[in-house]
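Let me begin by presenting the structure, written as structure tokens, before commenting on it.
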There are 2 protein chains.
Amino acid sequence: MKHLPHKTIERLSQYRRALLICAAKGKAHIFSHEIAKIQHITPVQVRRDIMLIGYTGTLRKGYNVQELIDLIGDIIDTKEGLNVAIVGIGNLGRAMINYFNGKRTKLSIVAAFDSNPDKVERAFSGVKCYHIDQMGEIIKNENISIGIITVPAGAAPEITEKLVNSGIKGILNFTPKPVNVPSRIYLEEYDMITSLEKIAFFVKTHA
Amino acid sequence: MKHLPHKTIERLSQYRRALLICAAKGKAHIFSHEIAKIQHITPVQVRRDIMLIGYTGTLRKGYNVQELIDLIGDIIDTKEGLNVAIVGIGNLGRAMINYFNGKRTKLSIVAAFDSNPDKVERAFSGVKCYHIDQMGEIIKNENISIGIITVPAGAAPEITEKLVNSGIKGILNFTPKPVNVPSRIYLEEYDMITSLEKIAFFVKTHA
DNA sequence: TACCCTTTGTTAAATTATTAACAATTTTCT
DNA sequence: AGAAAATTGTTAATAATTTAACAAAGGGTA
Ligand SMILES: NC(=O)c1ccc[n+]([C@@H]2O[C@H](COP(=O)([O-])OP(=O)(O)OC[C@H]3O[C@@H](n4cnc5c(N)ncnc54)[C@H](O)[C@@H]3O)[C@@H](O)[C@H]2O)c1
Ligand SMILES: NC(=O)c1ccc[n+]([C@@H]2O[C@H](COP(=O)([O-])OP(=O)(O)OC[C@H]3O[C@@H](n4cnc5c(N)ncnc54)[C@H](O)[C@@H]3O)[C@@H](O)[C@H]2O)c1
């Protein structure tokens, strides 16, 4: 197994999410076309992705759900797990913490930061909120490697810089303001408006 | 201008978002490399996208910001605009309404739905919340064509079906449960965990 | 004027991603 | 046993996307 395509990594994450649900329902084996149905893709693509990670199913029986979950874990997760911090405990930040909380063992939100004194020193869905000035210290002490940005757009550049200076390795930016990071840092950005506008375009052109 | 690639549509939406900020700052012209810098892509890609939509800049002066905004609008937006509904007024739903509110003229969230009686008949960031049972009626009356799903994952299939039966044209699903829709409906799904796991993978392999 | 620099627009090449095709194997059925 | 059906694994083909290459044009400047 050499270089996994970007898109394959995304799909593996999604397969695992679906597989965990199957496992919870007591399903022991799954066919490529079942995974495909769930993810709205083709069975060939599923088989190809699984081939790329070197896993082999059983003919006419499909893939062993638990084995596949474990293997995807070996690829995506690190042994000790990675710690995550979230900056900005507004509506979106709270939604994210709340959603994430307790979902993953290998990826955990261990700290929150905010500048509003009403929020610091409180816990949100079990995650303690610190003042933004403590960021450098906490990120180092808690060995945090990923930061999620959910502050107002105007504060994004400043927060990004703080995260970078604190030694973060990856950033997920939810503000509509694109931020700049050194190339060693992996940056991912998401904005709902792009998703909606894409839908709008296809609704329009398909009409 | 024939078929615009999927990816180009996404980027056009992002360009416009950035261009609107530039316009607000009073910037009249912009170079391909400036747009590229903001979006973390190459200037060639920007020029190519702009070529595909048939716009032409001025040599050594760049693109006219307002013209480009307008043209992207012509491509993505419909003349009268599209109406959007959001289902599930929890943390995430409120974050989304609040973010979206007042941002776009051509795309507006005109109704919210929830099953919790404490939430119906109230307004959230200016959007009125109706009971889920009124969905069919309101979607037709208000001419809503896009639905955003932010209910608990378990309720996603049922809500999807309701939206489909109400005649919705496009769906943006934020629950971690992939849903099924007829092929005439454009579906977009987003899950933060995929983003985070992708970051985790690249942080791990780049280390 | 002649030359250099910048920046666009476009075609061509390279890369990445998806889909198709099909052999191989196991199970089921007759 | 033999035929039919289902399903995986893999290679080959196709399609989509990005990147490179470069000509053309405008402006600055010696
Ligand atoms: N990408 C998306 O789809 C999407 C959706 C909704 C919102 N958003 C964006 O996410 C961000 C947060 O949205 P929200 O609704 O949670 O906003 P919010 O105003 O509710 O929350 C912002 C939080 O950040 C804190 N904050 C402000 N300045 C800060 C600073 N300098 N340092 C640390 N903390 C600071 C505030 O105290 C507040 O708690 C906004 O930028 C919004 O535009 C993005
Ligand atoms: N994609 C992402 O990145 C992301 C992030 C956070 C949360 N989520 C998901 O988004 C969803 C909402 O998250 P949240 O934190 O806002 O949850 P929440 O519990 O705060 O809100 C859910 C809302 O849906 C309403 N609801 C429940 N059942 C309903 C039904 N049958 N019909 C109509 N309304 C109903 C509830 O009354 C509540 O208001 C969850 O599925 C969560 O997993 C996704």
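From a predicted model like this one, the values you see are computed outputs, not experimental measurements. Order of the sequence lines fixes the chain letters, A, B, ..., with proteins taken first and strands second; residue numbering starts at 1 for each chain. Side-chain atoms are counted along with the backbone in the values below, which use heavy atoms only and exclude waters and symmetry mates.
- The separation between A/D49 atom CG and D/dT8 atom C1' is 15 Å, rounded to whole Å.
- Taking atom NE2 on B/H40 and atom P on D/dT19, their separation rounds to 14 Å, with Å as the unit.
- Closest to the A/M51 side chain, of the nucleotides C/dG9, D/dT10, C/dT8, is D/dT10.
- In this structure, OH of A/Y55 is placed 14 Å from P of D/dT10, rounded to the nearest angstrom.
- Just one of A/Q45, A/Q39, A/H6 meets the side-chain contact (heavy atoms from CB on, under 4.5 Å) condition when paired with A/R11; it is A/Q45.
- With C/dA17, D/dT8, C/dT7 as the candidates, the nucleotide lying closest to the side chain of A/Y63 is D/dT8.
- Residues in residues 155-187 of chain B take part in these ring-ring contact (aromatic ring centres under 6.0 Å, His included) pairs, two or more places apart or across chains: A/F202-B/Y186.
- No donor-acceptor contact under 3.5 Å links the side chain of B/R60 to the base of C/dT7.
- Taking side-chain N and O atoms only, B/R11 has a distance below 4.0 Å to OP1 or OP2 of D/dT18.
- A/S32 comes within contact range of the sugar-phosphate backbone alone, with a heavy-atom separation under 4.0 Å but no base atom that close.
- Look at CZ on B/R48: it is 17 Å from P on D/dC22, rounded to the nearest Å.
- What separates CG of A/L4 from P of C/dT15 is a distance of 19 Å, to the nearest Å.
- Atom CD in A/Q45 sits roughly 16 Å away from atom C1' in D/dT8 (whole-Å rounding).
- Among D/dA21, D/dG26, C/dT19, the nucleotide with an atom closest to any side-chain atom of B/L59 is D/dG26.
- Between D/dA5, D/dT10, D/dT17, one nucleotide has an atom nearer to the side chain of B/K7 than all others, and that is D/dT17.
- A straight line from CD of B/E34 to C1' of C/dT8 spans 14 Å, rounded to a whole angstrom.
- Set against D/dA21, C/dT26, C/dA17, the side chain of A/P5 has C/dA17 as its closest nucleotide.
- Side chain of B/K198 to backbone of A/I9: no donor-acceptor contact under 3.5 angstrom is found.
- The side-chain contact (heavy atoms from CB on, under 4.5 Å) with A/L92 is formed by just one residue from the set A/I86, A/T150, A/V151; it is A/T150.
- When distances run from any side-chain atom of B/V44 to the nucleotides C/dA21, D/dC22, D/dT19, the shortest one goes to D/dT19.
- The interatomic distance linking A/K61 (NZ) with D/dT8 (C1') rounds to 14 Å, in whole Å.
- Here the straight-line distance linking atom OH of B/Y99 with atom CG of A/N91 works out to 13.5 Å at 0.5 Å rounding.
- In this structure, of D/dT8, C/dG9, C/dT8, it is C/dG9 that holds the atom nearest to the side chain of B/T56.
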